[in-house]
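Note on naming: letters A, B, ... go to the chains in the order of the sequence lines (proteins, then strands), and numbering restarts at 1 for each one.
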2 protein chains.
Amino acid sequence: MARKQGSHSDITGPKVQAAALRLIAQHGFAAVSMRQIAAEVGVQAGALYNYTPDKQSLLFELMRSHMTDLLAAWDTADISGDPLARLEGFTRFHIHFHLPRADQVFVAYMELRNLSPENFAQIEAMRHRYEDALEEILRAGEAAGVFKMADTRVTTMALIGMLTGLSHWYRTDGRLETATIEAIYWDLVRKAVAA
Amino acid sequence: MARKQGSHSDITGPKVQAAALRLIAQHGFAAVSMRQIAAEVGVQAGALYNYTPDKQSLLFELMRSHMTDLLAAWDTADISGDPLARLEGFTRFHIHFHLPRADQVFVAYMELRNLSPENFAQIEAMRHRYEDALEEILRAGEAAGVFKMADTRVTTMALIGMLTGLSHWYRTDGRLETATIEAIYWDLVRKAVAA
DNA sequence: CGTCTAACTGAACAATCGTTCAATTGCAAA
DNA sequence: TTTGCAATTGAACGATTGTTCAGTTAGACG
């Protein structure tokens with residue numbers, strides 16, 4: 001019979017994820033030990049194995065849930081309209097979603113090489129779905145004559161790179177609000193693909 | 001009395017650097033052991049300490065020499081002319097320099113958090129000098145009225161991010177030549193900051 | 001040809017790694 | 001209040017870590 005709500009399990013589980021995310025983002029997966037994560041949670045190392053079968057699965061679950069959240073949020077966002085409006089929607093959605101999730105973005109980008117081949121393939125597939133969403137918008141705009149690019153696939157990767165790079169230097173305590181950043185980046189994106 | 005040229009030292013030294021660079025780029029600094037590097041070189045682990053005082057210094061030297069090469073190449077490039085020509089020069093220089101150095105770029109970006117605070121500060125300062133070179137071009141173009149941006153500093157970071165992101169997905173065995181990539185990216189950069 | 005020493009080996013060091021598991025704890029249900 | 005079991009402890013495991021160092025080797029020099 002399972003424990004009721006409020007039992008330690010329901011509290012410790014999320015704590016493990018949060019501690020692992022923070023520590024891995026800061027020091028890197030290979031540099032963080034299970035004992036460090038356990039200490040941050042306030043338990044012994046052995047207790048972590050009630051919440052993950054092993055260290056690799058812990059990393060994978062962090063990345064998988066981040067990508068799942070991203071794709072779910074994108075589906076919910078329901079960006080529609082003409083290609084220009086959809087491109088603006090994608091740009092603002094990307095920034096709005098990623099800026100408050102600095103640790104997740106960091107881990108999802110930096111720790112890909114520490115995933116097992118099977119786990120890597122799953123994350124990569126999800127990332128690809130997200131990239132394809134942008135590429136589809138660009139192709140629609142190209143077909144409609146409102147966008148003009150030398151190479152659509154390369155432009156997709158270039159814009160994704162520009163948007164993702166933002167998470168690597170933006171600081172929430174800096175001089176710029178999220179809304180300001182959104183406007184600046186949208187200006188760059190819009191002009192870059194303008195017909 | 002030092003050994004003459006052709007001694008093992010002159011051969012093993014570069015081999016250590018090359019092996020460390022390749023392995024760290026592939027698996028990450030913390031995930032690579034001194035014994036793995038030694039095995040790749042063809043020596044025992046203890047022999048590495050003829051070429052580096054410790055593992056941390058080995059990483060720092062890889063990053064320092066990469067950044068030194070970059071800044072030296074930029075100084076030599078001697079990009080001049082009107083702001084538009086200089087921006088094109090910077091864009092093409094960046095791609096031309098970075099594309100054949102995928103491992104160095106990877107290590108220089110992914111392993112910053114594994115540097116000691118003093119070493120980090122040095123690398124960061126060099127990176128800043130490079131970013132400033134782009135920012136100066138953008139400001140000159142802005143003053144001349146040939147560029148127009150919502151925020152010059154943010155645009156600098158956005159363009160650097162876009163250009164650097166290229167190294168993360170570009171494969172030398174892919175469908176696109178370096179010259180083609182240069183042209184595509186220059187097209188995006190030029191339009192993004194156009195007045 | 002014999003000498004010297006840079007280069008390297010191979011073993012050892014204490015520390016730390018991920019993971020397992022019998023024993024203990026403490027709360028919820030009966 | 002007693003019972004049952006989820007949650008956790010704490011110790012242990014074999015493996016591996018970065019680093020040191022006395023001893024061996026081999027190639028260039030006098």
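- Across residues 53-64 of chain A, not one residue has a non-hydrogen atom less than 4.0 Å from an atom of DNA chain D.
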Just distance, no hydrogens or angles: give the donor-acceptor pairs under 3.5 Å from side chains in residues 67-75 of chain B, sequence neighbours left out.
residue : atom : partner : partner atom : Å
B/Thr68 : OG1  : B/Arg64 : O            : 2.8
B/Thr68 : OG1  : B/Arg64 : NH1          : 3.3

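- Of all the residues in residues 30-47 of chain B, B/Val32, B/Ser33, B/Met34, B/Arg35, B/Gly46 reach under 4.0 Å from DNA chain D with at least one non-hydrogen atom.
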Show which side-chain atoms of residues 35-46 of chain A pair as donor or acceptor with protein atoms under 3.5 Å away, not counting sequence neighbours.
residue : atom : partner : partner atom : Å
A/Gln36 : OE1  : A/Ser33 : N            : 3.1
A/Glu40 : OE1  : A/Arg22 : NH2          : 3.1
A/Glu40 : OE2  : A/Arg22 : NE           : 2.7
A/Glu40 : OE2  : A/Arg22 : NH2          : 3.0

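- In this structure, A/Leu23 places its CG atom 12 Å from P of C/dG18, rounding to the nearest Å.
- The side-chain contact (heavy atoms from CB on, under 4.5 Å) search around A/Asp132 returns A/His128, A/Glu135, A/Arg153, not counting sequence neighbours.
- Contacts with DNA chain D (heavy atom under 4.0 Å) in residues 111-119 of chain B: none are found.
- With a 4.5 Å cut-off on side-chain heavy atoms, A/Val16 and A/Thr52 do not count as touching.
- At D/dA7, none of the side-chain N or O atoms of A/Thr12 fall inside 4.0 Å of OP1 or OP2 (strictly under the cut-off).
- For NE2 of B/His27, the number of neighbouring non-hydrogen atoms (other residues, nucleotides, ligands) closer than 6.0 Å is greater than 12.
- As rounded to whole Å, 17 Å separates atom C1' of D/dT19 from atom OH of B/Tyr51.
- Remark: B/His66 engages no residue in a ring-ring contact (aromatic ring centres under 6.0 Å, His included) (not counting sequence neighbours).
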Mind listing the side-chain donor-acceptor pairs of residues 183-195 of chain A below 3.5 Å, one per line with the distance, residues two or more places apart or on another chain?
residue  : atom : partner  : partner atom : Å
A/Asp187 : OD1  : A/Arg190 : NH2          : 2.5
A/Lys191 : NZ   : B/Lys148 : O            : 2.9
A/Lys191 : NZ   : B/Ala192 : O            : 3.3
A/Lys191 : NZ   : B/Ala194 : O            : 2.6

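- Among residue pairs with one or both ends in residues 101-111 of chain B, those qualifying as salt bridge (Lys or Arg N to Asp or Glu O under 4.0 Å) are A/Arg113-B/Glu111; sequence neighbours excluded.
- In this structure, A/Asn50 atom CG and C/dG26 atom C1' are separated by 15 Å, rounded to whole Å.
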Only distances under 3.5 Å count here; give the side-chain donor-acceptor pairs of residues 83-90 of chain A to other protein atoms, sequence neighbours excluded, each with its distance to 0.1 Å.
residue : atom : partner  : partner atom : Å
A/Arg86 : NH2  : A/Glu136 : OE1          : 2.5
A/Glu88 : OE2  : A/Arg92  : NE           : 3.0
A/Glu88 : OE2  : A/Arg92  : NH2          : 3.4

Pairs under 3.5 angstrom only: tabulate donor-acceptor contacts from the side chains of residues 115-123 of chain B to other protein residues two or more places apart or in another chain.
residue  : atom : partner  : partner atom : Å
B/Ser116 : OG   : B/Glu118 : OE1          : 3.2
B/Ser116 : OG   : B/Asn119 : N            : 3.4
B/Ser116 : OG   : B/Asn119 : ND2          : 3.2
B/Asn119 : ND2  : B/Gln56  : OE1          : 3.0

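- Taking atom CZ on B/Phe29 and atom C1' on D/dG18, their separation rounds to 10 Å, with Å as the unit.
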Can you give each donor-acceptor pair under 3.5 Å made by side-chain atoms of residues 159-167 of chain A, sequence neighbours left out, with the distance rounded to 0.1 Å?
residue  : atom : partner  : partner atom : Å
A/Thr164 : OG1  : A/Tyr109 : OH           : 3.1
A/Thr164 : OG1  : A/Ile160 : O            : 2.9

